[in-house]
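The sequence lines fix the lettering, A, B, ..., with proteins before strands; numbering per chain opens at 1. Keep in mind it's a predicted model, so treat the numbers as computed, not measured. Quick note: numbers below take in every heavy atom, side chains included, and nothing from hydrogens, waters or symmetry partners.
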4 protein chains.
Amino acid sequence: MQGSSNRNGKQSEIRQRIIKTAQRLFVEQGYHRTSIPDIVREAGVSTGAIYHHFTNKKELAREIHQLALTEFLKRFKNHVESQPTFKEKLRAFVEMMFSWTETDPIMVQYLMYARPKEVVNTQMAICSEEGLDAVMCIIQAGIESGEIKEGNLYVHYGTLTGTVLRLIEIRMDGVIDFPLTEIIDETTANIWLALKK
Amino acid sequence: MQGSSNRNGKQSEIRQRIIKTAQRLFVEQGYHRTSIPDIVREAGVSTGAIYHHFTNKKELAREIHQLALTEFLKRFKNHVESQPTFKEKLRAFVEMMFSWTETDPIMVQYLMYARPKEVVNTQMAICSEEGLDAVMCIIQAGIESGEIKEGNLYVHYGTLTGTVLRLIEIRMDGVIDFPLTEIIDETTANIWLALKK
Amino acid sequence: MQGSSNRNGKQSEIRQRIIKTAQRLFVEQGYHRTSIPDIVREAGVSTGAIYHHFTNKKELAREIHQLALTEFLKRFKNHVESQPTFKEKLRAFVEMMFSWTETDPIMVQYLMYARPKEVVNTQMAICSEEGLDAVMCIIQAGIESGEIKEGNLYVHYGTLTGTVLRLIEIRMDGVIDFPLTEIIDETTANIWLALKK
Amino acid sequence: MQGSSNRNGKQSEIRQRIIKTAQRLFVEQGYHRTSIPDIVREAGVSTGAIYHHFTNKKELAREIHQLALTEFLKRFKNHVESQPTFKEKLRAFVEMMFSWTETDPIMVQYLMYARPKEVVNTQMAICSEEGLDAVMCIIQAGIESGEIKEGNLYVHYGTLTGTVLRLIEIRMDGVIDFPLTEIIDETTANIWLALKK
DNA sequence: AATGAATGAGTCTTCATTCAT
DNA sequence: GATGAATGAAGACTCATTCAT
C-alpha cells in the first residue's frame, strides 16, 4: 500500500532494527566512533545482515540521513508551506521544529550533526540544497508580499534558522532543561521583530 | 618576554607546526578522519615528536581547543565587554566574530565543530561554560540596564548567538561567498530589533 | 564426543594452529619477543583470526597456560595419585614428568617458564595453587603413612620438585643430551633417600 | 687499587644508580617490560646518561648479569670451595645461597630469572658455564674422595642445585614466608642423604 | 659528561568488508 | 535471506637509540 522495499510490502524488520540502532548510535557516539560490530551487538543482527541490506557503512548513514531529510521536507511542506502568511509560516516553522525535537530528538540530532562530511557535505540539513531552498523560498515570498523588510537574504535566513537551530542545540546539550514547546511564542516573536517590515 | 616553554624563550617550532597542522586537518577532515600519520606527513614531523609534545591525540585536540577558547575569551573581553551599552556590545560582538572568521577561519571553525565529544562535551565553544556565561552576562546586563526587553534568557541567547554562528556556518560552507564583514550592520540590526525593548 | 566449540564438533582448526604456534614461539623466544605478526606468519593465519578467537595476546597466553596446567593435573591424577604408596607415587611422578618432557618438551617448557608475570603470577605451574597442592598432598600423605620422615613440608617439597624440575631444565638447555627417561631410577633413588624415614 | 671504571677510582655515582635501578626493575617487571624511560624516571638520570655509560639496553642487562655472576663466584670461592669436605662444602653452599637470598633478594632473583635469552643463553647462572663447572667440581671431588656415591653426575647436580634453587624460588614467590636461613640444616640434611655413599 | 628532543620502526589492536555455508 | 569466521589494511601509540647542544 505505501512505500515498501521488499516483496512482503513491509520494510524488513531487520532492516528497521539496523536503521533505528545505527541512527541512535551515530547520534550518541558519532559516525566514526560507531563500528559495525557496535551496531551488530546493539541491534542483535548479524554482520552479514547489515551488508545484505546496505552497500556499506557510508550508505547506511546516507540512507538514514535521507530518511531524516525527507521527513523534514514532509513536515515543512505539510505544516509550514501550507500557511497563508509569512508570520504564520514562521510560527509554524518554529513550532514544527521544536515539537519535532521533543518528539524525536534522535532524528533531529541526526539531521543536525551526526553526519560526517563523507556522507553529506553540508553541515546542516536545513542547509542542504533542498532544505535551504525551502526556507529561502518562504523568506523571499515574505519580502515579496511586503510582510518582511528587504535586505540581504542570507542575513534573514541566518536569523531565522540560526535562532531556531541554536535553541535546539542548547536544548540537546542539556543547557535548556524544559521543553522547547514552552518558548515557541517567544522565539517566534524575536524572529518576527527582527525580520518584519 | 612572557610565556615560553623551552630554553629559547619560544614555543618549540615543532610543537607549533604540529598544532597548526592538526588544527587545519581536524577542521578539514574531522578529528576521527585525521590520523596521526596524516599529521606527521603534513607537518613534516616524526610520530615520536607528536607524542613527545602531547600525551595523545585527544590531548592534542584538547590543547588546540583550549587555545581557541582562550583566544575567543580574550577577544570577547577586549572588544565586546569593554563597550559601554548593550547595543554597542552587540555590534562589537558581531564585528569581532565576523572579522575573526575572515581572518582565521580555521580557528573559528575549530571552535565551532571540529571537536569530538571525547574532547569537549559541549557542541560549541560559545556554549562552553565560560563562553556561554560571557554572552549570557551581557544579555543580563542589557535587561538590567533597560536596553533590552525582559523574557526568557535562553531565547535571547539563542537569537543572538544563533544568528551570528549560523551566518558563519553558511559562510564556511560556501553558501555565502562574500566577506561576512559586509553584513555586520544588517546582522546587528536584525538582532537588535529582536531584543530591544 | 566431548568438548567442542563449533558446529563441526571440533575445535576450529585455525584456533588450534594459533595455539600450537603461539605455544612454540612463546617458548622459543619468550612472550614479549613474540609478536602477533610472528604468530600470523608462522601459523599462516590472519591477524584478525587471532583476535577473533582470543581477546588479546595476554588472553592467548593465559589460555595456553591453562591448557598446560590442565594437562599436568590430568597426568598427575592419572599416573601419580593413583599409586598406592608414596614410594610408588614418587617414581610415577618422576617418570611422568620425564617422559612428558621427552614427548612434548614445548608444553613442559611452557609450563615451566614461558609465562610472563602478567599472565600468571606464579613462576611454575607445579607451584600454581593447584599444582602445589597436589604435590604437597602426596608428601603429607607420605608422612602420615610413616613412609617419609617428618620435617618442614617445604623442604621436602623443594627437594622433590626442585630435583625433577632442575633436571628437566638442564635437559632443555642442552646440558643433558640423553633422554631423561634414562635417569628415572637414579633420580627417584636420590629423592627417596632424601625423604624416606 | 681495586676495580674501578673511571679516573676517580670510583664507579660514577650515576652509573651505579642506573645499575641498581635497572636491576630492580628487570626483576620486578622483567627485561622486556622495563623500558629505558622507566629507568630514566626511577633512577632520576637522563636518557643520554644511560647511553653514555652502556652501549645499549642489552649490554646494560649483560653487565648486571655479569656483576651477579661474579658475586656468585666470589661467594662460592670464599665460602664453599674453601671447605675441606664435601659435606661441609654442601652445607656452606646451602648457607651461602640462603643467606644471600635474604640479604640481597634482588640480585639473587636477577641471577635466577631476570635475564632474557638475548642477554645470556642459559636459564640459570648456576648453570652458566662457570657456575655449573664450579658446582660440578665439588660433586666430582666428593665422589673421588669417596664421600658421595657414584652415579650420574647430572642427577647429583640436579638434586643439589634443584633443591636449593627451588626453595629460593618459592621463597621469592611468597610461598615460604620465613627466612630460608631457618631451614639450612634441614635442606642440607636432605641433600646429604640423597648423595652420600 | 650530561641532557632531552627527535626519530621511525615496530607493537598491539580495531574494524569495514567479504564469502562459504 | 542470514550467519559469523576470516581477512588485512590502517590506526594509535611505544620505545630503543641518536645527536645537537
- Task: Pick base, sugar-phosphate or nothing for B:I14, based on heavy-atom distances below 4.0 Å to the nucleic acid.
- Result: sugar-phosphate

- With sequence neighbours excluded, tell me which residues meet salt bridge (charged side-chain N to carboxylate O under 4.0 Å, His left out) with D:D38. D:R41

Where [X] and [Y] come nearest, the two heavy atoms and their spacing:
| X | Y | answer |
| --- | --- | --- |
| B:I19 | B:I64 | O-CD1, 3.8 Å |
| A:Y110 | A:A61 | OH-O, 3.0 Å |
| C:R17 | C:G44 | NH2-O, 3.3 Å |
| C:V27 | C:I106 | CG2-O, 3.5 Å |
| B:I39 | B:L60 | CD1-CD2, 4.0 Å |
| A:V40 | A:S46 | CG2-C, 4.0 Å |

- Item | Ring-face cation contact, B:Y31 with B:K57, 6.0 Å cut, 45° max | yes

Starting at [atom1] of [X] and ending at [atom2] of [N], how long is that distance when rounded to a whole Å?
| X | N | atom1 | atom2 | answer |
| --- | --- | --- | --- | --- |
| D:E59 | F:dT18 | CD | P | 13 Å |
| D:I50 | F:dC19 | CD1 | C1' | 16 Å |
| C:R15 | F:dG4 | CZ | C1' | 15 Å |
| C:R41 | E:dG10 | CZ | C1' | 12 Å |
| D:I18 | E:dT3 | CD1 | C1' | 12 Å |
| A:F54 | E:dT18 | CZ | P | 16 Å |

- Query: Nearest nucleotide by nearest heavy atom, which residue falls closer to the 5' end of DNA chain F, A:H52 or C:S46?
  - Reply: A:H52

- Report, as a single string ordered 5' to 3', how protein heavy atoms within less than 4.0 Å touch nucleotides 12-17 of chain F: B base, S sugar-phosphate only, - not at all. SBBSSB

- Message: Taking Watson-Crick (N1-N3 plus N6-O4 or O6-N4) and G-U wobble (N1-O2, O6-N3), each under 3.5 Å, can you produce the dot-bracket string of DNA chain F? Use [ ] for crossing pairs and | for inter-strand ones.
- Response: .||||||||||||||||||||

- Can you tell me how far the CD atom of B:E28 sits from the CD atom of B:Q109, to the nearest 0.5 Å? 9.0 Å

